[in-house]
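Not measured: the values here are computed from a predicted model. So you know, we letter chains A, B, ... as the sequences are listed, proteins then strands, and number each from 1.
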Amino acid sequence: DTGVSQDPRHKITKRGQNVTFRCDPISEHNRLYWYRQTLGQGPEFLTYFQNEAQLEKSRLLSDRFSAERPKGSFSTLEIQRTEQGDSAMYLCASSSPGRSSGNTIYFGEGSWLTVV
Amino acid sequence: AQKVTQAQTEISVVEKEDVTLDCVYETRDTTYYLFWYKQPPSGELVFLIRRNSFDEQNEISGRYSWNFQKSTSSFNFTITASQVVDSAVYFCALSEGRRGTYKYIFGTGTRLKVLA
């Protein structure tokens with residue numbers, strides 16, 4: 001069983017550049033989530049998809065951030081005009097809709113972003 | 001408002017000692033889920049356990065056990081006979097059961113160091 005995979009695992013970029021992260025969820029999971037984690041903190045919710053529909057965005061997600069899930073499978077998270085404050089680990093997660101899942105989400109290994 | 005507090009920032013124990021990680025939560029919901037995740041140095045958040053608000057039975061899984069007490073809003077995690085491989089950051093999380101799976105509120109994590 002393949003877990004949630006994210007690419008790239010590490011990205012160093014100069015301030016002002018755009019970056020894009022990709023997430024492939026567990027197959028058959030129709031829900032996909034993006035979280036952000038900074039050093040010494042727990043993950044914070046960014047956004048959530050059910051199939052291809054983006055159902056909620058956190059206020060943390062400024063207009064420089066955009067997430068898509070065009071065919072209800074993989075998702076991309078793009079950050080435009082990166083700032084040093086964007087340096088963090090971006091975690092993708094997925095879950096299945098069944099009652100038996102009990103709200104459990106499964107995370108990938110994350111994509112580390114360093115903005116210099 | 002929902003909140004998860006993990007007051008222990010870092011704990012060091014010697015191998016084979018027992019250790020308890022504390023988690024206190026706040027919510028006004030009557031239906032909610034509680035989780036523990038392990039984050040090893042690789043970064044991936046590994047799901048350990050889920051508890052719903054109606055199930056206060058304690059659970060044991062091998063060397064791991066969890067004590068859920070609604071009266072004190074606590075969901076503590078005990079590792080018996082700790083091993084070096086248990087070294088990681090452990091996160092407690094809360095989600096609303098009524099509204100769906102997407103918003104987990106994480107604590108700030110407890111870094112556990114198990115020394116050989």
Option passing side chain to side chain donor-acceptor pair (under 3.5 Å) with B:Arg63 (candidates B:Thr80, B:Thr78, B:Asp86): B:Asp86
Give me the one residue out of B:Glu56, B:Glu59, B:Gln57 that meets side chain to side chain donor-acceptor pair (under 3.5 Å) with B:Arg51. B:Glu59
Exam field: side chain B:Gln2 to backbone B:Asp29, donor-acceptor pair closer than 3.5 Å: no
Do side-chain atoms of A:Thr47 reach the backbone of A:Glu56 as a donor and acceptor pair under 3.5 angstrom? yes
Between A:Gln6 (side chain) and A:Gly110 (backbone), is there a donor-acceptor pair under 3.5 Å? yes
Ignoring hydrogens and geometry beyond distance, is a side-chain donor-acceptor pair present between A:Ser95 and A:Tyr33 at under 3.5 Å? yes
Would you please go through residues 85-92 of chain A and name the residues with a non-hydrogen atom below 4.5 Å from one of chain B, in numerical order? A:Met89, A:Leu91
Can you say whether B:Gln6 sits under 4.5 Å from chain A via the side chain, the backbone, both, or neither, judging by heavy atoms? neither
Is it the case that the side chain of B:Tyr104 and the backbone of A:Ile105 share a donor-acceptor pair, with hydrogens and angles ignored and the cut-off at 3.5 Å? yes
Using non-hydrogen atoms only, which part of A:Gln37 is less than 4.5 Å away from chain B: side chain, backbone, both, or neither? side chain
Are there residues of residues 61-71 of chain A that reach to under 4.5 Å of chain B by heavy atoms, and which ones? none
Donor-acceptor contact present, side-chain B:Gln8 to main-chain B:Asp22, <3.5 Å: yes
Checking B:Asn52 side chain against B:Tyr33 main chain: does a donor-acceptor pair fall under 3.5 Å? no
For the side chain of B:Ser82 and the backbone of B:Glu17, is there at least one donor-acceptor N/O pair under 3.5 Å apart? yes
